[in-house]
Amino acid sequence: MSKFIAHSLFVLWVVCSASIAALAQGTITGKITDDAQKEPLAGISIAVKGKVIGTITDTKGNFSLTTNTERPFVIQVTGVGFQSQEFTINESRTTLNILLKEQVLLGQEVVVSASRVEESVLKSPVSVEKMDLRAIQSTPSANFYDGLSNVKGVDIATQGLLFKSINMRGFGATGNPRTVQMIDGMDNSAPGLNFPVDNIAGIPEQDIESVEILPGAASALYGPNAIQGLILLNSKSPFLYQGLSANVKTGIMSASNRTTQNTGFYDASIRYAKAFNNKLAFKVNLAYLKAQDWQANNYTNLNPLNGVEGNADPNRGPGTAINYDGTNTYGDEAQANLRSVGQALITARLLPAAALGLLPDRNVSRTGYPEVNLVDYNTKSLKVNGAVHYRLTDKIELIGQVNYGFGTTVYTGNGRYSLRDFSLAQGKLELRGDNFTLRAYTTQERSGKSYTAGLASIFLNEAWKPSSTWFGQYVGAYVQARSAGQADDAAHLTARGVADQGRPIPGTDAYNTLYERVRNTPINQGGGAFQDKSNLYHVEGLYNFKNQIKFADVLIGGNLRQYELGSEGTLFADNVEGRTGRIGITEFGGFAQVSKSLFSEHLKLTGSMRYDKNQNFAGQFTPRVSAVATFGEHNFRVSYQTGFRIPTTQNQYIDLLVPNARLIGGLPEFYTRYNLQNSYTRPDVTAVGAAIQATAASQATIAQADALITQQVTAQVTAGVQAAVAAGQIPASAAATVIQQQVQAALPAALSANRTTVVQGLAVNANIGNLKPYQRKEFKPERVANYEIGYRGVFNKRLFVDAYYYYSVYTNFIGSVILLQPTRSIAPGLLPEASGVFSGDTRRVFSLPANSSENITASGWAIGLNYSLPKGYGLTGNIANNTLNNFTPSPELQTAAFNTPKYRWNVGFNKRPVGGSNIGFAVAFKHQDSFTWEGFAQPSETGIPLYTNTIVPAISNLDAQVNYKVQRIKSIVKLGATNLFGKPYFQAYGNPYVGSTYYLSLTFDELLN
């Protein structure tokens, strides 16, 4: 694949180079000055319109641009915070003296994401948000990525200091596969983890130029998975941003729930870029961060019995439920039914039969370990990237780029994962012209020493004492305590103390030695480590027919993608059925877009169509049509967009054991491999289980059980008496009386010992026929149809208004079905094998992706207001609504996992250091409603309703910063704080509590104006 990419680029380079005609060169010189301060401006861009050629001003405001473009031509002059200007260059014009004015007009930003061509944000056919360099520099957040939370309609789920997932328009997730994040055109998704890795391996802050966000379906232009949003991060060109710049930032992270409330953090980055003769340029970036991460210590019991949670106590003291499964406590997912364990001990003659009457029909869980003892909170991040740009001609530029990220952090998937020494490397070769782009890149993911905390804790418990031994000791000690007269609660505490004898205590040498062993042992060898070494190879092309077709704007593009999955059997099914450690997946796609302006450009119509094919799924067509009506500064738009997502590589091939289940792919091979035709859905088992309990509680069943036990006792006594009569020990005339006396004497004990078991057996046999084996359906890509209307406009050149309403219809929505497969009967010889689904120790649990048979609709709206005041002051405000309109549960999707606050709003007040002032500031207040999070925090006990207590409380935050420009040393000093209210909060259930950050930064830029 890599050879193919390199060959493709070489061929295109040869073709383009061979077609270049020799043109006469010319030079334009000049000087650019600040209109207000009359001071020379450094770093201002001077570019030939429609070409890739350009330069910047030096520290004295001077520039010199040599080009072989035929005159007349137009140059564009742009700079951050200044109004753009254009000048026509003819034979007589070679020197320019330009005055640039401060940018005060709103809505003048140029975006490329909405149509894959440059256009005014006002006239974009769909919703688009842009965070430009000026907004990045003034954000009160601790970094630009956190600053995205101030953007209209954006929800962020913080999983760790370095891991934050961006969600839009509902169905939020940690590691969201429904959004696509691209860095300089490269998909930032890790091929094994299968979702954007956010900014752990992204662009260093010194190199970020802008972020564009497309909420809603973007598959028509960008292909699979951009079903709910697209994030484009663009770095600085070494031609336009030259010289040395650096940033050092330090401060305090504070949260009252952490082991150490206040800890320091250190963040530094440096960038250097240089251009030679306006033909060759390069840049290098280095960034490093070190901190103690936020901690996840929510110990709420996920197994509330009849709504009662008990104490949130991972140490399992008095008042804690015996089936306790703490949200951020792991290892306590291992559970067993006391009566089932007791029956097994009785069968093995390790307990007397009478003991069964002392055992309640309840689950008990093993003692787990809190997350703080299991994951590595010593967060660190190293980012290194570099690029070389070479202008082959005025129209063609060749770019070679490498991005590398290495770090340690924590993220949330189906559990909490400790990423240790995780790395992601991307390499790109790109040929870019004024009307085409050819790009090839690769993504190489390496999991390092990463592990899943849940599995590591499970195997830690098993390593020091197998569950079969632990549960047996617990039941034996409980029976003994009850027989000695202890009350139920006291007997459970006694039993846990006996079973936990010898348990390694965090911080001791015994614990450290054992845990180090299990977290470094691969999952398929009895540990928690996964060994992901997956790669992605991608080549794509884009061609604009602007030079050939004049009556309309026509754009075409296509791509080819190859995945190489490899995990040594710890994550994927890459070592089964003849595979030798690698799984290949091929995808390809192409699109065409046509735009036409009508009625003197008052109306612009755009239509596009895309087709994509993955080797494991049917091809997908995704059309998009839009219309934008323009009346002066007011623009009205309407669009119909479609999108889809191909099931992720994990959706297709995962084969991973986690504490509550085995996660498997949705492809047919897994249905066969694990014999899933002999399995039942969790809702089906829950419903039948409830019917069994109702039957068992009925007086008719109890009477039937008593009759059967009486019959059995009578038969046993009769046989004994008849044998005694035959031996001459009892007179035949007295036999009936003796039988009656012995039955009356034996019956109370027999009823006490056997009634519960017989009642349960009768109830199971009466209802088990209602269990229906799971019938697999075809696994398909998920699709959405999105209808949207919107408005953008500028009032009085100072108020910018942006509003939209959307309505989305999802089909084949991908959820996950929980299947319970019996391994044996709960009462061999008495009950059928299917009865094993009702007990945790006689079944296997599988979780596999599947499509909902029901359509799902969601809708929402948002309004954003930006008001520009004199002297650099500004007011901002936005509000967004997202609503799940209807949801019908299906076996494949019991809950929608909408995971989004209904309302979210932000207000801000800021000032930029302009007009001779060196002081700036920004204040931002954010609020979101509370909502239920439906994610990995599921009960480990089958009969417990899902997500009864997984609430994300409402969040209100205040962030602020003040900055001062020190012109004589080309630097800006910023002092800021986030979450000034100080109350720790979490944005996704089971994720860490985020506290306050107080920071001080110094940014140097030798071209700072």
Side-chain angles (χ1 to χ4, degrees), residues 301 303-306 308-326 329 331-332 334-368 461-462 464-505 693 696-697 702 705-706 709 713 744-761 826-827 839-842 940-941:
N301 183 16
N303 287 333
L305 185 63
N306 298 322
V308 179
E309 299 175 3
N311 291 340
D313 179 14
N315 296 317
R316 312 303 287 264
T320 307
I322 64 170
N323 68 341
Y324 174 81
D325 178 7
T329 306
D332 50 9
Q335 305 215 354
N337 182 273
L338 288 172
R339 186 162 291 158
S340 296
V341 175
Q343 185 64 63
L345 293 174
I346 291 170
T347 302
R349 301 184 183 278
L350 297 174
L351 272 182
L356 196 62
L358 296 173
L359 293 169
D361 184 19
R362 291 189 59 191
N363 278 13
V364 63
S365 62
R366 291 199 66 168
T367 307
N461 269 339
E462 294 297 326
W464 77 267
K465 184 178 289 186
S467 287
S468 57
T469 302
W470 192 93
F471 287 117
Q473 290 179 349
Y474 188 103
V475 167
Y478 175 83
V479 169
Q480 186 175 4
R482 291 289 281 147
S483 299
Q486 286 192 16
D488 182 66
D489 289 346
H492 282 299
L493 291 173
T494 298
R496 187 168 299 277
V498 171
D500 276 349
Q501 285 180 4
R503 179 172 178 264
I505 304 301
Q693 294 305 313
I702 296 172
D706 287 353
I709 295 169
V713 170
Q744 290 177 349
L747 191 57
L751 289 172
S752 176
N754 298 297
R755 178 184 283 152
T756 300
T757 301
V758 176
V759 165
Q760 194 70 15
I826 56 175
S839 177
D841 53 353
T842 57
S940 50
E941 195 168 330

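Basis for what follows: all heavy atoms, side chains included, without hydrogens, waters or symmetry-related copies. Counting from 1, the numbers follow the sequence of the chain as shown.
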Checklist entry - Any idea which heavy atoms bring Q473 and V498 closest together, and the distance? => result OE1-O, 4.1 Å
Item to check | Inter-residue atom distance S752.OG - L356.CG, 0.5 Å rounding | outcome: 9.5 Å
Item to check | Pairwise distance CZ(F471) to CG(L345) - rounded to 0.5 angstrom | outcome: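 Rounded to the nearest 0.5 Å, the CZ-CG separation comes out at 12.0 Å.
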Main-chain N/O of [Y] paired to [X] side chain as donor or acceptor, under 3.5 Å:
{"X": "N301", "Y": "G326", "value": "no"}
{"X": "W470", "Y": "A499", "value": "yes"}
{"X": "R316", "Y": "L493", "value": "no"}
{"X": "T347", "Y": "Q343", "value": "yes"}
{"X": "N303", "Y": "S940", "value": "yes"}
{"X": "N323", "Y": "E941", "value": "no"}

Item to check | More than 12 heavy atoms of other groups within 6.0 Å of Q486 CD | outcome: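 It does: Q486 CD has more than 12 such atoms within range.
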Checklist entry - Any salt bridge (charged side-chain N to carboxylate O under 4.0 Å, His left out) pairs touching residues 339-368, not counting sequence neighbours? => result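 Output for this query lists R366-E462.
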Next on the checklist: side chain to side chain contact (heavy atoms under 4.5 Å, CB included), that's the test. Do V475 and L359 meet it? Break it down for me.
Outcome noted: CA-CA 8 Å; V475 167; L359 293 169; 3.8 Å; yes
Next on the checklist: Looking only at side-chain N and O atoms, does D500 offer a donor or acceptor that is under 3.5 Å from a partner on Y474?
Outcome noted: no
